[in-house]
Amino acid sequence: SHVPLLKGPFILESAAGLRAIVEELTEGSSTLDPTQIREGVVVRAESSQGTLFVKNKQFAFGVLEGYLSEDPSFVDLETVS
(Lines give C-alpha, C1' and ligand atoms only; values in the text may rest on other atoms or scores of the structure.)
Protein backbone atom coordinates (compact mmCIF):
# COMPACT_ATOMS: atom_id res chain seq x y z
CA SER A 1 0.00 0.00 0.00
CA HIS A 2 1.09 3.58 -0.56
CA VAL A 3 1.54 6.35 1.96
CA PRO A 4 -1.58 8.35 2.79
CA LEU A 5 -2.35 11.60 0.99
CA LEU A 6 -2.42 14.31 3.65
CA LYS A 7 -3.21 17.29 1.47
CA GLY A 8 -2.83 18.47 -2.08
CA PRO A 9 -2.11 18.47 -4.93
CA PHE A 10 0.02 21.59 -4.64
CA ILE A 11 0.76 24.15 -7.32
CA LEU A 12 4.22 25.61 -6.71
CA GLU A 13 3.96 29.39 -6.49
CA SER A 14 6.99 30.24 -4.35
CA ALA A 15 9.79 28.56 -2.42
CA ALA A 16 8.60 30.20 0.80
CA GLY A 17 5.07 28.90 0.27
CA LEU A 18 6.33 25.38 -0.37
CA ARG A 19 8.56 25.54 2.72
CA ALA A 20 5.56 26.54 4.87
CA ILE A 21 3.48 23.63 3.52
CA VAL A 22 6.30 21.13 4.10
CA GLU A 23 6.91 22.34 7.67
CA GLU A 24 3.19 22.27 8.51
CA LEU A 25 2.74 18.71 7.20
CA THR A 26 5.93 17.40 8.86
CA GLU A 27 4.84 18.11 12.43
CA GLY A 28 2.32 16.15 14.44
CA SER A 29 1.45 12.57 15.16
CA SER A 30 1.38 9.76 12.63
CA THR A 31 -1.69 9.55 10.43
CA LEU A 32 -1.39 5.74 10.56
CA ASP A 33 -1.06 5.47 14.35
CA PRO A 34 -1.85 8.61 16.36
CA THR A 35 0.07 7.26 19.38
CA GLN A 36 3.31 7.60 17.38
CA ILE A 37 5.14 10.68 16.10
CA ARG A 38 5.15 11.32 12.37
CA GLU A 39 8.38 10.20 10.69
CA GLY A 40 8.20 12.81 7.98
CA VAL A 41 6.60 13.66 4.67
CA VAL A 42 7.26 13.86 0.97
CA VAL A 43 5.49 16.77 -0.70
CA ARG A 44 4.84 16.74 -4.43
CA ALA A 45 4.50 20.18 -6.03
CA GLU A 46 3.65 20.91 -9.66
CA SER A 47 4.86 23.90 -11.66
CA SER A 48 5.21 24.90 -15.29
CA GLN A 49 8.79 23.57 -15.15
CA GLY A 50 7.72 20.12 -13.96
CA THR A 51 7.25 18.19 -10.74
CA LEU A 52 9.27 18.74 -7.57
CA PHE A 53 9.41 16.32 -4.63
CA VAL A 54 10.55 17.62 -1.23
CA LYS A 55 11.26 15.15 1.60
CA ASN A 56 11.43 16.31 5.20
CA LYS A 57 11.84 14.35 8.45
CA GLN A 58 10.30 15.56 11.69
CA PHE A 59 13.08 16.80 13.98
CA ALA A 60 11.89 14.69 16.93
CA PHE A 61 11.93 11.54 14.78
CA GLY A 62 15.47 12.26 13.61
CA VAL A 63 16.65 12.72 17.17
CA LEU A 64 15.04 9.46 18.32
CA GLU A 65 16.37 7.57 15.30
CA GLY A 66 19.86 8.90 15.99
CA TYR A 67 19.80 7.82 19.62
CA LEU A 68 18.74 4.31 18.70
CA SER A 69 21.39 3.89 16.01
CA GLU A 70 24.16 4.71 18.50
CA ASP A 71 23.24 1.68 20.65
CA PRO A 72 25.62 -1.21 19.67
CA SER A 73 22.80 -3.77 20.00
CA PHE A 74 20.41 -1.83 17.73
CA VAL A 75 19.39 -3.56 14.49
CA ASP A 76 17.93 -1.25 11.84
CA LEU A 77 15.26 -3.33 10.13
CA GLU A 78 15.18 -0.95 7.15
CA THR A 79 18.79 -1.70 6.22
CA VAL A 80 18.94 -5.45 7.00
CA SER A 81 18.35 -7.55 3.91
Side-chain angles (χ1 to χ4, degrees):
S1 64
H2 64 282
V3 297
L5 179 63
L6 302 176
K7 205 178 206 182
F10 297 104
I11 305 301
L12 182 59
E13 295 178 8
S14 72
L18 178 59
R19 185 177 304 113
I21 290 168
V22 170
E23 289 174 3
E24 173 191 334
L25 294 174
T26 300
E27 296 304 318
S29 53
S30 170
T31 58
L32 302 175
D33 180 355
T35 65
Q36 302 293 319
I37 63 172
R38 186 173 298 164
E39 179 176 337
V41 296
V42 176
V43 173
R44 175 183 172 158
E46 304 284 337
S47 76
S48 60
Q49 284 108 17
T51 304
L52 175 68
F53 295 91
V54 179
K55 181 178 179 179
N56 194 38
K57 280 192 177 183
Q58 185 175 168
F59 179 76
F61 177 83
V63 169
L64 292 171
E65 187 177 52
Y67 286 156
L68 289 175
S69 65
E70 292 175 4
D71 183 339
S73 64
F74 174 71
V75 176
D76 184 352
L77 298 177
E78 291 180 353
T79 59
V80 175
S81 52

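One is the number of the first residue; the rest follow in order along the sequence.
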Checklist outcome for this item: Residue pairs meeting side chain to side chain donor-acceptor pair (under 3.5 Å), one or both in residues 52-62, sequence neighbours left out, come to T26-N56, K57-E65

Next on the checklist: Ignoring hydrogens, what is the shortest heavy-atom contact between P34 and S29? Give both atom names and the distance.
Outcome noted: O-CB, 3.5 Å

Next on the checklist: Checking T35 now: which residues fulfil side chain to side chain donor-acceptor pair (under 3.5 Å) with it, not counting sequence neighbours?
Outcome noted: D33

Next on the checklist: Assigning hydrophobic clusters by single linkage (Ile, Leu, Val, Met, Phe, Trp, Tyr; side-chain heavy-atom cutoff under 4.5 Å), is L25 placed with I37?
Outcome noted: no

Item to check | salt bridge (Lys or Arg N to Asp or Glu O under 4.0 Å): pairs with one or both residues in residues 11-29, sequence neighbours excluded | outcome: K7-E24

Ignoring hydrogens and angles, write down the donor-acceptor pairs under 3.5 Å from the side chains of residues 45-53, residues two or more places apart or on other chains.
from: E46; atom 1: OE1; to: T51; atom 2: OG1; distance (Å): 3.0
from: E46; atom 1: OE2; to: R44; atom 2: NE; distance (Å): 2.7
from: E46; atom 1: OE2; to: R44; atom 2: NH2; distance (Å): 2.8
from: E46; atom 1: OE2; to: T51; atom 2: OG1; distance (Å): 3.4
from: S47; atom 1: OG; to: Q49; atom 2: N; distance (Å): 3.2
from: S47; atom 1: OG; to: G50; atom 2: O; distance (Å): 3.4

